[in-house]
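Some notes on the structure that comes next.
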Amino acid sequence: MSSGSRQVLSYHESLLRESDVNLLRGPHWLNDQIISFYFEYLEKEVFKEATEFLFVSPEVTQCLKIVSSDEVSVFLSPLNATEKDVIFFALNNNDNTTAGGSHWSLLVLSRQENTFFHFDSSSGSNLASSRRFFNHLKRPLNCPTAELIEQNCLQQSNCYDCGIHLICVAERVAQHFLTAGSVCQTPDTAKEQVSRKRRDILDIIRQLGGEI
């Protein structure tokens, strides 16, 4: 077994290997595994009392993107998605069935605002992907009259931190919703939070027993 394939943490449905964790140690683009892990951490730890939230992993989001409209409910039903008030999707610009893509952004459905909010740290980069996904999901999610809004957010200062921005914004949106009852007017993520987030995630992995 290569050192990169060594398992370092099993956490609920997430499995992190050394090669995944190493992405947090340098100027690297985050993969599905890291984002899935952090979404699970938000759901199971940070917002465990917020039953109105649903954090959808990148893997499930990708499946939702490529299946037909008739098949979407197969993936949404086990998640009780139509009963959730706020749903977070980690959106990739990859439209193929194979792994890939070059940019992450965050799409959030706020059911009570009847709106999908798209947060893109490289404004416009995932606009086409977000529109296709929005149109694909709004009827299966029982919000056929919902609108899509491109929400202003902190912009990344490099070509590799889109995943970090995504998870920072997701956490920020969730905190704001619990306080204000809405996603609209969520304050921008602080630059300092983005710059330290990789270290923070490494600390969380250690605290959960990760062998890193």
Side-chain angles (χ1 to χ4, degrees), residues 9 11-14 16 20-21 23-25 28-61 79 81 84-92 103-113 115-123 125-126 130 133 149-158 160-208 210:
L9 178 68
Y11 178 76
H12 296 281
E13 300 300 317
S14 294
L16 294 181
D20 303 319
V21 174
L23 297 177
L24 294 165
R25 294 194 168 103
H28 303 300
W29 192 81
L30 298 190
N31 62 8
D32 291 24
Q33 286 73 26
I34 291 292
I35 294 174
S36 291
F37 160 73
Y38 202 76
F39 266 26
E40 276 209 279
Y41 175 75
L42 291 178
E43 183 177 280
K44 305 293 187 185
E45 305 290 339
V46 182
F47 301 110
K48 62 184 177 182
E49 305 297 330
T51 56
E52 68 268 43
F53 291 167
L54 173 62
F55 295 88
V56 182
S57 71
E59 296 91 342
V60 173
T61 297
L79 303 175
K84 301 296 183 177
D85 294 331
V86 186
I87 307 179
F88 299 80
F89 296 97
L91 189 61
N92 193 307
H103 186 62
W104 293 108
S105 60
L106 177 71
L107 189 68
V108 183
L109 168 61
S110 174
R111 199 173 291 279
Q112 67 184 45
E113 294 168 273
T115 300
F116 285 77
F117 295 90
H118 185 225
F119 298 84
D120 191 340
S121 60
S122 180
S123 185
S125 295
N126 268 7
S130 68
F133 195 52
I149 291 180
E150 288 291 313
Q151 193 80 355
N152 291 331
C153 62
L154 179 68
Q155 297 294 284
Q156 63 193 82
S157 58
N158 53 52
Y160 51 80
D161 265 343
C162 52
I164 292 292
H165 278 259
L166 183 160
I167 59 180
C168 286
V169 174
E171 194 165 358
R172 185 76 159 171
V173 167
Q175 290 167 341
H176 179 74
F177 188 89
L178 291 179
T179 302
S182 67
V183 173
C184 184
Q185 297 182 335
T186 296
D188 277 355
T189 304
K191 292 181 180 179
E192 294 77 15
Q193 183 185 7
V194 172
S195 64
R196 69 169 184 264
K197 197 63 176 178
R198 290 175 185 268
R199 296 192 301 274
D200 290 347
I201 299 172
L202 286 169
D203 287 342
I204 289 167
I205 292 170
R206 292 189 188 95
Q207 291 165 10
L208 293 172

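Not one N or O on the side chain of Glu171 forms a donor-acceptor pair closer than 3.5 Å with the backbone of Val46. Of the possible donor and acceptor atoms, one in the side chain of Asn158 sits under 3.5 Å from a partner among the backbone N and O of Asp161. Checking side-chain atoms of Glu13 against main-chain N and O of Ser36 turns up no donor-acceptor pair under 3.5 Å. Judged by distance alone, the side chain of Glu150 and the main-chain N or O of Phe119 form no donor-acceptor pair under 3.5 Å. A donor-acceptor contact shorter than 3.5 Å is absent between the side chain of Glu43 and the backbone of Lys48. Panel note: side chain Arg111, backbone Val86; no donor-acceptor pair is recorded below 3.5 Å. The closest donor-acceptor contact from the side chain of Trp104 to the backbone of Leu30 lies under 3.5 Å. Distance alone, capped at 3.5 Å, places no donor-acceptor pair between the Ser122 side chain and the Ser125 backbone. With hydrogens and angles disregarded, a donor-acceptor distance shorter than 3.5 Å links the side chain of Thr115 to the backbone of Glu113.
A 4.5 Å side-chain heavy-atom check between Thr61 and Phe133 finds at least one atom pair inside the cut-off. Between Asp85 and Phe53, the closest side-chain pair of non-hydrogen atoms is not below 4.5 Å. Between Leu202 and Arg198 there is no side-chain heavy-atom pair separated by less than 4.5 Å.
Remark: of the listed residues Gln156, His103, His165, His103 is the sole one forming a side-chain hydrogen bond (donor to acceptor under 3.5 Å, both in side chains) with Asp120.
Across all their heavy atoms, Ser130 and Leu91 have their closest contact at CA-CD2, 3.6 Å. The nearest pair of heavy atoms linking Asn126 to Asn92 is ND2-C, 4.2 Å.
Under the 30°/60° scheme for interplanar angles, the aromatic rings of Phe47 and Phe55 are found to lie parallel.
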Which pairs would a plain distance check flag for residues 184-192, meaning a side-chain donor or acceptor within less than 3.5 Å of a matching protein atom at least two apart in sequence or in another chain?
| unit_1 | atom_1 | unit_2 | atom_2 | d |
| --- | --- | --- | --- | --- |
| Thr186 | OG1 | Val183 | O | 2.5 |

